[in-house]
Amino acid sequence: MTYGMRKFLVLFGLLFALTVNAQQMPSIAGVTFGWSYSSCKRVLDNRFNNGESSYQSYSDELSYYNVSFGGYRFNYVNFDFQSDGSRTYLYYISFVCSFEVSDSKSATSFRDSLYETYKQKYEFRWSGEDDGYKYYVLGHDPHDPDNGFIIISTMKSTNGKGEMKLFTSVSYTTSFIDPVDEI
């Protein structure tokens with residue numbers, strides 16, 4: 001085998017490995033984990049902002065309000081990005097619906113309905129309780145299969161106006177940048 005042929009095969013193998021790795025990243029709402037901020041913004045503006053370019057307050061987060069997703073209505077969705085200094089990576093998505101604190105039954109019923117829907121597609125991993133509210137973890141983190149990928153939860157917190165609310169959310173998460181590498 002000639003040197004040129006070996007070089008070609010190594011390059012081909014590397015490209016194949018990168019393609020396979022890229023194909024393993026999950027896609028949610030039309031965007032794929034690991035995509036850049038600008039790539040996601042084009043797709044998400046089309047989906048959640050009637051094709052118009054949206055104004056975004058932060059360069060590492062895309063937010064959309066009053067969205068429909070998976071047959072459910074949410075007050076908002078956030079798409080968060082990590083940066084290595086030269087590139088951004090979609091690593092976290094959270095669809096959120098808020099409820100009055102006095103309406104705990106609706107918040108937890110919404111959470112349980114989401115869980116029933118999601119467990120049809122994603123493997124249930126474990127559940128727990130935080131501050132008196134149950135949460136569910138489903139799926140496998142594409143970078144670390146021992147970790148979950150989706151968290152469906154209800155929690156009590158203040159909103160942007162300082163009002164105490166209940167928030168039921170579906171969050172997807174993985175990581176592209178190891179914080180230890182930044183030290």
Side-chain angles (χ1 to χ4, degrees), residues 1 5-49 51 54 56 58-64 67-72 74 76-97 111-128 130 134-153 168-183:
M1 183 178 299
M5 182 62 116
R6 274 188 290 211
K7 190 175 174 182
F8 172 76
L9 289 175
V10 168
L11 180 60
F12 179 77
L14 179 63
L15 288 174
F16 179 77
L18 289 173
T19 302
V20 168
N21 190 34
Q23 290 173 345
Q24 292 175 359
M25 286 292 107
S27 292
I28 307 297
V31 294
T32 300
F33 279 82
W35 278 15
S36 70
Y37 178 94
S38 59
S39 295
C40 289
K41 186 173 186 309
R42 281 190 298 277
V43 171
L44 296 171
D45 280 353
N46 191 48
R47 179 166 184 163
F48 296 123
N49 202 46
S54 64
Q56 298 291 331
Y58 304 101
S59 62
D60 62 350
E61 178 182 275
L62 294 167
S63 298
Y64 298 90
V67 299
S68 290
F69 180 73
Y72 293 93
F74 295 91
Y76 63 92
V77 59
N78 289 330
F79 296 82
D80 295 332
F81 297 81
Q82 292 179 318
S83 176
D84 62 8
S86 61
R87 188 162 188 276
T88 57
Y89 304 87
L90 174 63
Y91 82 100
Y92 181 81
I93 302 171
S94 186
F95 290 86
V96 181
C97 193
R111 178 203 60 210
D112 294 343
S113 177
L114 289 165
Y115 168 67
E116 289 299 322
T117 299
Y118 274 71
K119 76 176 187 179
Q120 293 175 32
K121 182 174 179 180
Y122 297 95
E123 177 187 353
F124 170 75
R125 302 291 302 287
W126 66 86
S127 65
D130 188 17
K134 190 171 189 168
Y135 64 86
Y136 304 98
V137 177
L138 298 100
H140 295 269
D141 180 322
H143 290 122
D144 184 354
D146 290 337
N147 289 334
F149 175 56
I150 299 167
I151 302 168
I152 300 173
S153 64
T168 295
S169 65
V170 176
S171 301
Y172 303 79
T173 188
T174 189
S175 186
F176 287 87
I177 298 170
D178 185 348
V180 174
D181 290 345
E182 295 179 338
I183 297 175

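The figures that follow rest on heavy atoms only: side chains count, while hydrogens, waters and symmetry mates do not. Positions are given from 1, in the same order as the sequence printed here. Just so it is clear, the model here is predicted, and its values are computed rather than measured.
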Shortest non-hydrogen contact from [X] toward [Y]:
| X | Y | answer |
| --- | --- | --- |
| F74 | C97 | CD2-N, 4.2 Å |
| P142 | Q24 | CB-O, 4.3 Å |
| G139 | Y122 | N-CB, 4.1 Å |
| V43 | A29 | CG1-O, 4.4 Å |

Approximate separation, where rounding is to 0.5 Å, of [X] [atom1] and [Y] [atom2]:
| X | Y | atom1 | atom2 | result |
| --- | --- | --- | --- | --- |
| T173 | N147 | OG1 | CG | 9.0 Å |
| I152 | Y135 | CD1 | OH | 13.0 Å |
| L90 | L44 | CG | CG | 8.0 Å |
| S175 | F33 | OG | CZ | 11.0 Å |
| I28 | C40 | CD1 | SG | 11.5 Å |
| F81 | S83 | CZ | OG | 11.0 Å |

Say whether Y136 and D112, considering side chains only, have a donor N or O and an acceptor N or O under 3.5 Å apart.
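Side chains of Y136 and D112: pair found under 3.5 Å.
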
Examine the side chains of S113 and Y72 and answer whether a donor and an acceptor come within less than 3.5 Å of each other.
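Yes.
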
Indicate the ring-plane relationship of F95 and Y172, choosing parallel, tilted or perpendicular according to the 30° and 60° boundaries.
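Perpendicular, since the angle between the ring planes exceeds 60°.
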
Using a 3.5 Å distance criterion without hydrogens, assess whether the side chain of K119 forms a donor-acceptor pair with backbone atoms of L138.
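Checked: no pair found.
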
D60 vs T88, side-chain contact (heavy atoms from CB on, under 4.5 Å): CA-CA, chis, key distance, verdict:
CA-CA 8 Å; D60 62 350; T88 57; over 6 Å; no

In sequence, state the C-alpha distance, the side-chain angles, and the governing distance for F79 and W35, and then conclude on side-chain contact (heavy atoms from CB on, under 4.5 Å).
CA-CA 11 Å; F79 296 82; W35 278 15; over 6 Å; no

Can you pull the salt bridge (charged side-chain N to carboxylate O under 4.0 Å, His left out) pairs that have at least one residue in residues 134-153, sequence neighbours excluded?
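Checked against salt bridge (charged side-chain N to carboxylate O under 4.0 Å, His left out) - neighbours excluded - no pair reaches residues 134-153.
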
Are F69 and Y64 near enough that their ring centres are under 6.0 Å apart?
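For F69 and Y64, the ring centres are not under 6.0 Å apart.
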
Does a side-chain heavy-atom distance below 4.5 Å link F176 with D84?
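With C-beta onward as the side chain, the pair stays apart.
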
Does Q82 reach the side chain of Y92, with side-chain heavy atoms less than 4.5 Å apart?
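Answer no - side chains too far apart.
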
Should we say atom CZ of F124 is surrounded by more than 12 heavy atoms from elsewhere, each under 6.0 Å from it?
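Yes.
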
S153 vs R111, test: side-chain contact (heavy atoms from CB on, under 4.5 Å). Steps then yes/no.
CA-CA 6 Å; S153 64; R111 178 203 60 210; 5.6 Å; no

